[in-house]
Participant: 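Mind having a look at this structure? Questions to follow.
None of the values given here were measured: they were computed from a predicted structure. Residue numbering restarts at 1 for every chain, and letters A, B, ... go by the order of the sequence lines.
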There are 2 protein chains.
Amino acid sequence: MSAQRTSGRRPKGESLTREAVVREAVRILDESGERGLTVRALAERLRTGAGSIYWHVNNRDALLDLACDTILSECESGEADVDGDELDAIRSLALSLLDTLDQHPWIGLHLPRSTGVPSAMRLLDRIGTLLASYGVPADRQFFVATAIFTYVLGVAAQMTRSALTVAATHTRDEWLAERSARLAELDPQIYPFLHGVAAQLRTHDDREQFVTGLDLLLAGIRSQWDSVP
Amino acid sequence: MSAQRTSGRRPKGESLTREAVVREAVRILDESGERGLTVRALAERLRTGAGSIYWHVNNRDALLDLACDTILSECESGEADVDGDELDAIRSLALSLLDTLDQHPWIGLHLPRSTGVPSAMRLLDRIGTLLASYGVPADRQFFVATAIFTYVLGVAAQMTRSALTVAATHTRDEWLAERSARLAELDPQIYPFLHGVAAQLRTHDDREQFVTGLDLLLAGIRSQWDSVP
DNA sequence: ACCTGAACACCGTTCAAGT
DNA sequence: ACCTGAACACCGTTCAAGT
C-alpha cells in the first residue's frame, strides 16, 4: 500500500503542504526523538529534496515549534467536564497534558527552549483564567499559573529521559529494576537518602509521582487562599 | 597579559588537563550558550587541535555533564545555616541553587536531558534527607523531593529563555517592556488571561515568581504533614 | 602519555535554475 | 507557486602518525 519510504520522486501536481511536512516531522520525532529529525531525513521520507522543506517552513527550529503546536492543539480541545471547583479542573487539565507529553516525549525537552508555540500559551492562559475565577489574588495569578505550568513541563521533561532509556533497554520493568539497583549501589555515605529509597523505586510510577507534586501545589493554593464563590 | 585567544601552539611540557578543558568549556557556555560550545571552538581557545579534546573527555555530551557538575559542586558547598525547620533549609537551598542556575543558564536546559551529573543527585539527596527529617512519610519522600527539584530546574530553564533574549535585545527593562507589550497585543478573545495581566508583567521579577511557586509547594507540605520533632 | 592534523560522515541552509 | 540539486560552511568523532 504505502509507498512511504520508497525513493523516487513524488508525483507531480500532488504538491507538498506545510501540514504534511509537519505531520511527517511529528512521526520522525515520535520514532527517533529530536536528534532523529534532520532536514534531509524528513525530505527523503517525503520523497523530495532538502531544499523543498524550506519552502514550507522557515527553518528547523520553526519546524519543531510547529510540531509541538499541532500536538498541543489536540490536547487543548479534549477538555473534559469535571465536577469540583476550578482547582480540580486544573488538575484534570494537567493530567491530560501530561498524557500528551508522555506520548510525545520530545515536546517536554523542546518547549522550554522555545517561545513560539501558541497552543502552549493558550494552555497557560486557561490555567490563569481558572485560578482567577477560583479566587487567587490578581497580583499572584500569573506567578501561580506559571508555577503549575512549569511543574508539568519539568516532570514531562524528566519522564522523557526515562522514556528514551527504556527504549534503549528492553522493557519498562527491566529498566525500573536496573535503576533501582543502580541507586542501591550508591555510596550510602554520599547519598544516604537515595541509597535508602532505592528499594521502593522498583515500582515507581511516573504518573503517581507527578500527581504527588501537583497535589502539593494545589494544596498550597487551597491553604493560602480560600475559594471565593 | 593573557595570550588566551592568540593562535599558535601551546608550549610543550605544559600539558592540558581535564579540568582545564572543562573550565574553558564553562567559559564558552557562559559567553555563548550551548550552541556556542563546539569541539573546534574549544580546541582553538586551548590552542590545540580538536582531537586533543577527546583524549581528556569521552565526547561532547560528557563535556556538558562535566561542566554542569563542576558548577553545581560549587553551589553544594556554599550551604548556609538557616534558622527555622527543615523546610526553611530546603527553601534556602533552592534559592541558592536558582542563583547558580541563573548565572549559568545553559545548565537548566541541559540537566533534564542528562543522567550523569553526580552533584545534581547529591542535591536531590540533600532535599530528600531534609524532608525525611521534617517528617514526610517514607513512601512520599522521593516523590516530594523530585517535585521540588523538578520545579527548581523547570523555572531555571524558563529563566534561561529570557536570559538569552535579554542578551539579544538591550537591557532587561527594555525586554520586560517589550514582552509586556507583546502580551497586551494578544487577542483578548483567545488569551483573556494573558492579555489582562500584561500590564503587571512590566515589573516582573523572576526570583519573586520562583519564590511564589516554591512557597506553594512548601505550604502544601506543611498543610499535609505536620512536623515531627 | 599526550597531542596533531587530516579524513569521514554527517549537519542546516541557501540559491540559481528549472517546471 | 513550488521544487530540484548542488554547493557552502559548518558539525562531532576517529585514528594513524608523531613526540
Side-chain angles (χ1 to χ4, degrees), chain A residues 3-4 6-26 28-29 31-68 106 109-110 113-114 116 164, chain B residues 3-4 6-26 28-29 31-68 106 109-110 113-114 116 164:
Chain A
Q4 194 82 292
T6 50
S7 62
R9 297 268 76 86
R10 59 188 306 108
K12 278 201 178 178
E14 210 187 274
S15 75
L16 221 49
T17 64
R18 186 186 178 115
E19 285 70 38
V21 170
V22 175
R23 204 184 316 126
E24 195 65 40
V26 167
I28 295 179
L29 288 164
E31 287 169 20
S32 38
E34 193 186 315
R35 284 203 163 138
L37 180 67
T38 69
V39 177
R40 282 172 227 265
L42 178 58
E44 197 187 348
R45 282 175 59 151
L46 293 166
R47 281 174 296 157
T48 181
S52 317
I53 306 295
Y54 289 85
W55 178 260
H56 299 278
V57 154
N58 280 333
N59 51 47
R60 187 178 175 275
D61 274 339
L63 183 61
L64 276 163
D65 281 354
L66 287 167
C68 288
W106 41 276
L109 290 182
H110 179 253
R113 303 181 177 239
S114 162
L164 295 175
Chain B
Q4 195 81 290
T6 50
S7 60
R9 296 270 76 85
R10 59 188 305 108
K12 280 199 177 179
E14 211 187 273
S15 74
L16 222 49
T17 63
R18 186 186 177 113
E19 286 68 38
V21 171
V22 174
R23 203 184 317 125
E24 195 64 40
V26 167
I28 296 179
L29 288 164
E31 288 169 20
S32 39
E34 193 186 314
R35 284 203 165 138
L37 180 67
T38 69
V39 178
R40 281 171 228 266
L42 177 59
E44 196 187 349
R45 283 176 58 152
L46 293 166
R47 281 173 296 156
T48 180
S52 317
I53 305 295
Y54 288 86
W55 179 260
H56 299 278
V57 154
N58 280 333
N59 51 47
R60 188 177 175 276
D61 275 338
L63 183 61
L64 275 164
D65 282 353
L66 287 167
C68 288
W106 40 275
L109 289 182
H110 179 252
R113 303 183 176 235
S114 162
L164 295 176

Participant: I need a per-nucleotide contact map over nucleotides 7-12 of chain C, read 5' to 3'. Cutoff is protein heavy atoms under 4.0 Å; write B for the base, S for backbone only, - otherwise.
Facilitator: ----BB
Participant: If the condition is side chain to side chain contact (heavy atoms under 4.5 Å, CB included), which residues does B/Ile28 pass it with, not counting sequence neighbours?
Facilitator: B/Ser32, B/Leu37, B/Leu42, B/Arg45
Participant: Using both pair distances under 3.5 Å as the test, note the stems of at least 3 consecutive Watson-Crick or G-U pairs that include DNA chain D.
Facilitator: C:4-8 with D:12-16, C:12-16 with D:4-8
Participant: Considering only C/dC3, C/dT4, D/dC3, which nucleotide approaches the side chain of A/Trp55 most closely?
Facilitator: D/dC3
Participant: I need the CG-C1' distance between B/Asn58 and D/dC15, as an integer number of Å.
Facilitator: 16 Å
Participant: Atom CD of B/Glu19 to atom P of C/dC2: distance rounded to whole Å?
Facilitator: 12 Å
Participant: List for me each residue that meets side chain to side chain contact (heavy atoms under 4.5 Å, CB included) alongside B/Ala41, sequence neighbours excluded, and say none if there are none.
Facilitator: B/Thr38
Participant: Report yes if a side-chain nitrogen or oxygen of B/Ser52 is closer than 4.0 Å to either non-bridging phosphate oxygen (OP1 or OP2) of C/dT4; otherwise report no.
Facilitator: yes
Participant: For the residue pair A/Ala62 and A/Asn58, what are the closest heavy atoms and their distance?
Facilitator: CB-CB, 4.2 Å
Participant: With a 4.0 Å limit, can you tell me whether B/His56 has a side-chain N or O closer than that to the phosphate oxygens OP1/OP2 of C/dC3?
Facilitator: yes
Participant: CG/B/Leu16 to OG/B/Ser52 distance, rounded to the nearest 0.5 angstrom?
Facilitator: 7.0 Å
Participant: From CZ of B/Arg18 over to C1' of C/dC3, roughly how many Å is that when rounded to an integer?
Facilitator: 17 Å
Participant: Name the residue from B/Leu29, B/Leu109, B/Val57 that meets the side-chain contact (heavy atoms from CB on, under 4.5 Å) definition with B/Leu64.
Facilitator: B/Leu29
Participant: I need the CD1-C1' distance between A/Ile53 and D/dC2, as an integer number of Å.
Facilitator: 13 Å
Participant: Can you list everything that forms a side-chain hydrogen bond (donor to acceptor under 3.5 Å, both in side chains) with B/Asp61? Sequence neighbours excluded, please.
Facilitator: A/Arg35
Participant: Could you tell me the separation between the CZ atom of A/Arg47 and the C1' atom of D/dT4, rounded to a whole number of Å?
Facilitator: 16 Å
Participant: When the distance from CG of A/Leu42 to P of D/dT4 is rounded to whole Å, what number comes out?
Facilitator: 13 Å
Participant: With sequence neighbours excluded, what pairs up with A/Arg113 under the salt bridge (charged side-chain N to carboxylate O under 4.0 Å, His left out) test?
Facilitator: B/Glu34
Participant: Applying side-chain contact (heavy atoms from CB on, under 4.5 Å) to B/Arg18 and B/Leu66, what does each step give before you reach the verdict?
Facilitator: CA-CA 10 Å; B/Arg18 186 186 177 113; B/Leu66 287 167; 3.5 Å; yes
Participant: Please test A/Leu63 against A/Val39 for side-chain contact (heavy atoms from CB on, under 4.5 Å), starting from the C-alpha separation and ending with a verdict.
Facilitator: CA-CA 10 Å; A/Leu63 183 61; A/Val39 177; 5.9 Å; no
